[in-house]
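Below is one structure, written out as C-alpha cells, with a few remarks after it.
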Number of protein chains: 2
Amino acid sequence: MYSQVQGNKPGMNGTEIMTTDTMSIRDMCLTFDVTPRTLRFYESKELLFPVRDGQRRLFTKRDRARLKLILRGKRFGFSLEEIRQLLDLYHMNDSQETQLSKTYEFAERHLADMEAQKAELDEAIGELKTQMEWGAKKLAAISKDQSAA
Amino acid sequence: MYSQVQGNKPGMNGTEIMTTDTMSIRDMCLTFDVTPRTLRFYESKELLFPVRDGQRRLFTKRDRARLKLILRGKRFGFSLEEIRQLLDLYHMNDSQETQLSKTYEFAERHLADMEAQKAELDEAIGELKTQMEWGAKKLAAISKDQSAA
DNA sequence: CGTTTCGTTTACGTTAACGTCAATTTGTCT
DNA sequence: AGACAAATTGACGTTAACGTAAACGAAACG
C-alpha cells in the first residue's frame, strides 16, 4: 500500500523504478503511526540506523524490522534502553560474537520476565472477568428495578 | 510476618493487642517494597485513602488491596489514571450504582486490551525463544572452534 | 530531659520519551 | 526564477511518577 520508490537520484524521470527497498521518513510515519521526531529520536539513541541520501534519511528493511520490535517492546512496558539491548540479539551479525554470550544472558532474563508477566496477566484477566460478572449482575438488577417502577 | 498492632492510643501498655487491621506507612513500605513518598503520592492522586491517627497515616485492608492492584497495573504498563478508573470497578459500593454502567464499559475495553496484550506477548515469547535457539547454536559453534585451536 | 527515630508538609529536582518551534536547506512544480 | 512542500538540525518545553532535601512535630528511649 506504500511506495517502494525511493532514493531516486537527479536524472531519473519518475517512470524508472528503483526498488532500493528503503523508505522516506514520511512513509515510515504513515506505516508505523509514529512522528518524524520519534524516528530521529530513536536514531539519536542508536536504535535505528537510517542511511543518508544527502541530508535525508532512508530507512532500510532492517530499520523497519527493528522499529516493529521497538514498538512491541514499548507495549510490554520495556524502556528504550532495555529494548536496545534486545535488538542486539535480533540483529547480531557474525562479527559481533564477542558480545553474544552477554546478550544471550540478558535475553534469558528478559524471557523469564515475559513469562512471569504472562502468568500475572492470565491471573489479572481472570480476576477482572470475575469482577465484571459481578458488575453485570448488578446492572441486571438495576434495569429490573426500573422496569418494575 | 508483620505486626498487626497499630494505632495504639496513649494509655496502652503494649501487652494489649488492638487488631485494628491497619498498617503504618513503614510497614506498608516493607510489605510492598515501595517508598513513603510513593504512598503519599498515591494518596494525593486519590488512589489510596489511609485514615489518620492524629497526623499519621494508617492504611486499611482496603488500601492494601488497592495497592496490590495498583502495582500490578503498573507492571502491565497502565498509567495511574487508568488504574484509578479500574479501582472503581473493584471497589464499587452499592451507593455508586449510577457510575456502574460507565465503569463496566471501561472495564470491557480494558479487558480487550489485556487479551490483545496476552496474544502479542505469546507471539513475542515464541520469537524470542527462536532467536535464543539461534544464539545457542552460535555459542556452541564458538566453543567448538576454541577447543579445536 | 535531651536526643535519636519516625512521620509530616512543602517545595523544588529528576528522568524518560518525546512535543514543539524556529531557522535553514533541498527538492519540486509552474 | 519564485514559490511551496518536505526534511533537517538545534534548542527549549512538557508530562508522569516519583526522588530528595528542608523544616518541623511527636514518640520512644536511656
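Proteins come first, then strands; the chains are lettered A, B, ... in the order of their sequence lines, and each starts at number 1.
- Contact annotation: T38(A) reaches the phosphate of dG19(C) (side-chain N/O to OP1 or OP2, under 4.0 Å).
- Atom CG in D53(B) sits roughly 11 Å away from atom C1' in dA26(D) (whole-Å rounding).
- Sequence order on DNA chain D of the closest nucleotides to F41(B) and P36(A) puts P36(A) first from the 5' end.
- Residue K74(B) is the one, among K74(B) and Q55(B), whose nearest nucleotide of DNA chain D lies closer to the 5' end (criterion: closest heavy atom).
- Rounded to whole Å, the distance from CG on L71(A) to P on dC18(C) is 9 Å.
- The NZ atom of K45(A) sits 6 Å away from the P atom of dA17(C) (whole-angstrom rounding).
- In this structure, R57(B) pairs ionically with E43(B), as a charged nitrogen and a carboxylate oxygen lie closer than 4.0 Å.
- A salt bridge does not link K138(A) with E133(A): none of the charged nitrogens is closer than 4.0 Å to a carboxylate oxygen.
- Comparing R37(B) and T35(A) against DNA chain C, the residue whose closest nucleotide sits nearer the 5' end is R37(B).
- At whole-Å resolution of the value, CD in E81(A) and C1' in dC18(C) are 17 Å apart.
- One atom, CD1 of I83(A), and another, P of dA16(C), lie 14 Å apart when rounded to the nearest Å.
- Between E115(B) and K129(A), at least one side-chain N (NZ, or NE/NH1/NH2) sits under 4.0 Å from a carboxylate O, which counts as a salt bridge.
- Using a cut-off of 4.0 Å between Lys/Arg side-chain N and Asp/Glu carboxylate O, R64(A) and D21(A) are scored as salt-bridged.
- Note on ring orientation: taking the six-membered ring where Trp is involved, the planes of F76(B) and F78(B) are perpendicular (angle over 60°, cut-offs 30° and 60°).
- R56(B) comes within 4.0 angstrom of a base, heavy atoms only.
- Between the CG atom of L58(B) and the C1' atom of dA27(D) there is a distance of 14 Å, rounded to whole Å.
- Across all strands, R40(A) comes closer than 4.0 Å to base atoms (heavy-atom distances).
- A sub-4.0 Å separation between OP1 or OP2 of dA17(C) and a side-chain N or O of Y42(A) is absent.
- The side chain of L80(A) sits closest to dA17(C) out of dC18(D), dA17(C), dT9(D).
- Judged by distance alone with a 3.5 Å cut-off, no donor-acceptor contact links the side chain of R57(B) to the base of dT8(C).
- As rounded to whole Å, 16 Å separates atom C1' of dT26(C) from atom CZ of R26(A).
- Atom pair M28(A):CE and dT8(D):P shows a separation of 12 Å (rounding to whole Å applied).
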